[in-house]
J.: 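Structure incoming, see below.
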2 protein chains.
Amino acid sequence: MSSSPSSGTISGAIGGDPPRRRQARSAATREALLDAALSEFAAHGFEGASTRSIAAAAGTHQPQINYHFESKDELWRAAVDHLFAQLDAAVTRHLRAMPAPTDQRERFACSVRAFVRAAAELPELNRIMVQEATIDSDRLTWIVRHHTRHRFEALTAEWHRLRSDGAVADIDDVVLYYSLVGAASLPYVNAPEARLLGHDTLDRGFIDAHADALVTLFLGEAVR
Amino acid sequence: MSSSPSSGTISGAIGGDPPRRRQARSAATREALLDAALSEFAAHGFEGASTRSIAAAAGTHQPQINYHFESKDELWRAAVDHLFAQLDAAVTRHLRAMPAPTDQRERFACSVRAFVRAAAELPELNRIMVQEATIDSDRLTWIVRHHTRHRFEALTAEWHRLRSDGAVADIDDVVLYYSLVGAASLPYVNAPEARLLGHDTLDRGFIDAHADALVTLFLGEAVR
DNA sequence: GTCTATAATTAGATAGAC
DNA sequence: GTCTATCTAATTATAGAC
């Protein structure tokens, strides 16, 4: 709104860029910080991840974090929001790529397969969840309120319906929730350990075998 | 071996205590540091846990860590060794408390139940594992070499035998390993989240239902 | 908006008295 | 063996030039 853009010079200071350019670069910096924050928080935990290394991984400088986000804490919240949005998008995409289910049990099977594939694509999500769910904190309270409670309630309610109909084994809803999420996510959360043990859990063949196995285990042989 | 113990005075400096007392207190400090280290590392991760808070939780001072252990890193190793020893002890204890299995499949079922109970008793173990298995590091290499590789190989080999005999579902060994460990541990790793969701996964009733459910899921209805 | 420089705090580790 | 005091380096956050 104020400066006189002596454009042309691309290198050096950005003070001379037109407002459009500035905004584009600002948005890019923000995005890069979010992505870098996700890997760093997933790898080292909130307290173990430093804002310096996040900024470095994003190709910018540390004070940018306090400019684009108010604090390390706010950066974490924004990154987690971003990650759950990616989860929803991935699950929806995988569901759309499957033949439409014909009954409730098949629908649950599709959800399981879609969740397994999304968990493999986004290991950061379950890594962050498992690090935060481990001890009471403001971050845990926030994540439960904003992201996990409604997912937990939707999944347990769906299982409860199947159970009432006698369509599945008689297993408690909460037991089912944690067993399923744990079984679906650990191969990807612990992928670096699996590699040291000589196995590539991020291989397409593994992911498909894993998804099939969970459907068989939780819903029985009958579901395709 | 050297000093002249002017015993009697209990309070104040311990310089006057006899050698026996000194040794006993030293061992107690070491133990307290190990226990405190476990909860702090499990709660905040290696990098997030501070030696100051560990020492405070152990009721002693921070430099004691460098005296009793060489460094924060060595303290971590000692704590993890201690924890896996506790795991073996817990599993053995739970196995002994069960009726002896009569065939290989029942033996696997007993192992599953014993592991679930041990996982509930020692949530720190799987919390630390999941934090360390998430990214390559010297600590991960060390923990795989010293603690998880032989457990992984024993469990996958046992499943492989059952599978060859047609006694269980045809599920890949590695898929089975991570699905089972994930399903068995997440309710206890994430116990604080479960509490916020209104459920106490550390309740005896939950643990038993969980163990029964996993036996049903992985081995079928037939196994008691 | 982005940068450099720096303030204020906290980290792990060490020195030395007792 | 345990304590207090302290060193060096790293942390998050802020100030101010451009």
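Please read these numbers as outputs of a predicted model, since none were measured by experiment. Labels below follow one simple rule: chain letters A, B, ... track the order of the sequence lines, proteins then strands, and each chain is numbered from 1.
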J.: Measure the distance from CZ on Phe69(A) to P on dG1(C) and round it to the nearest whole Å.
T.: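 Whole-Å distance recorded here is 13 Å.
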J.: Just how far, in rounded Å, is C1' of dA11(C) from CD1 of Ile65(B)?
T.: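 To the nearest whole Å, that distance equals 12 Å.
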J.: NZ of Lys72(B) versus P of dA11(C): gap in Å, rounded?
T.: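 Rounded to whole Å, this separation is 9 Å.
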J.: Nearest whole Å is fine: how far is dT4(C) P from Asn66(A) CG?
T.: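 In whole Å, dT4(C) P and Asn66(A) CG are 16 Å from each other.
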J.: Touch check for Ala28(A), heavy atoms < 4.0 angstrom, all strands: base, sugar-phosphate only, or nothing?
T.: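 Since no nucleic acid heavy atom lies under 4.0 Å of Ala28(A), the category is nothing.
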J.: Identify, with sequence neighbours excluded, every residue that meets side-chain contact (heavy atoms from CB on, under 4.5 Å) alongside Glu47(A).
T.: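 Listed in chain order: Arg139(A), His44(B).
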J.: Might you work through the side chain to side chain contact (heavy atoms under 4.5 Å, CB included) test for Trp142(A) and Val80(A), ending with a clear yes or no?
T.: CA-CA 10 Å; Trp142(A) 179 89; Val80(A) 171; 3.8 Å; yes
J.: Where the side chain of Arg22(B) is concerned, which of dT4(D), dG1(D), dC3(C) is the nearest nucleotide?
T.: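 For Arg22(B), the side-chain atoms sit closest to dG1(D).
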J.: Would one find a side-chain N or O of Thr29(A) under 4.0 angstrom from OP1 or OP2 of dT2(C)?
T.: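 Thr29(A) to dT2(C) OP1/OP2: side-chain N or O found under 4.0 Å.
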J.: When Phe41(B) is tested against each of Lys72(B), Arg127(B), Glu124(B) for side chain to side chain contact (heavy atoms under 4.5 Å, CB included), which residue passes?
T.: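 Testing Phe41(B) for a side chain to side chain contact (heavy atoms under 4.5 Å, CB included) against Lys72(B), Arg127(B), Glu124(B) leaves exactly one candidate, Lys72(B).
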J.: Assign Gln23(B) to base, sugar-phosphate, or nothing according to its heavy-atom contacts below 4.0 angstrom with the strands shown.
T.: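 Nothing, no heavy atom under 4.0 Å.
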J.: Please check the phosphate of dC3(D) (OP1 and OP2 only) for any side-chain N or O of Arg25(B) closer than 4.0 Å.
T.: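 True: Arg25(B) side-chain N/O within range (under 4.0 Å) of dC3(D) OP1/OP2.
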J.: Reckon His61(B) has a side-chain N or O less than 4.0 Å from the OP1 or OP2 of dT2(D)?
T.: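 Answer is no, no contact under 4.0 Å.
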J.: OP1 or OP2 of dC3(D) less than 4.0 angstrom from a side-chain nitrogen or oxygen of Thr60(B), does that happen here?
T.: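 Checking Thr60(B) against dC3(D): at least one side-chain N or O falls below 4.0 Å of OP1 or OP2.
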J.: Provide the closest heavy-atom pair for Ala79(A) versus Leu38(A) in the form atom of the first, atom of the second, distance.
T.: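 Residues Ala79(A) and Leu38(A), closest heavy atoms: O-CD2, 3.4 Å.
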J.: Is the gap between the ring centers of Tyr178(A) and His199(B) under 6.0 Å?
T.: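 They do not qualify: ring centres at least 6.0 Å apart.
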J.: Rounded off to whole Å, could you give me the CZ-to-C1' distance for the Arg52(B) and dT11(D) pair?
T.: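 Roughly 13 Å, once rounded to whole Å.
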J.: Quick one: on DNA chain D, does Ser50(A) or Gly59(B) contact a more 5' nucleotide (nearest heavy atom)?
T.: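 Going by which nucleotide is closer to the 5' end, it is Gly59(B).
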J.: Grab the CD-P distance between Glu74(B) and dA13(C) for me, whole Å please.
T.: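 For the pair Glu74(B) CD and dA13(C) P, the rounded distance is 10 Å.
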J.: How long is the line joining OH of Tyr67(B) and C1' of dT4(D), in whole Å?
T.: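 After rounding, the reported distance stands at 17 Å.
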J.: Roughly, in whole Å, what's the span from CD in Gln64(A) to C1' in dA13(D)?
T.: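 Rounded to whole Å, this separation is 14 Å.
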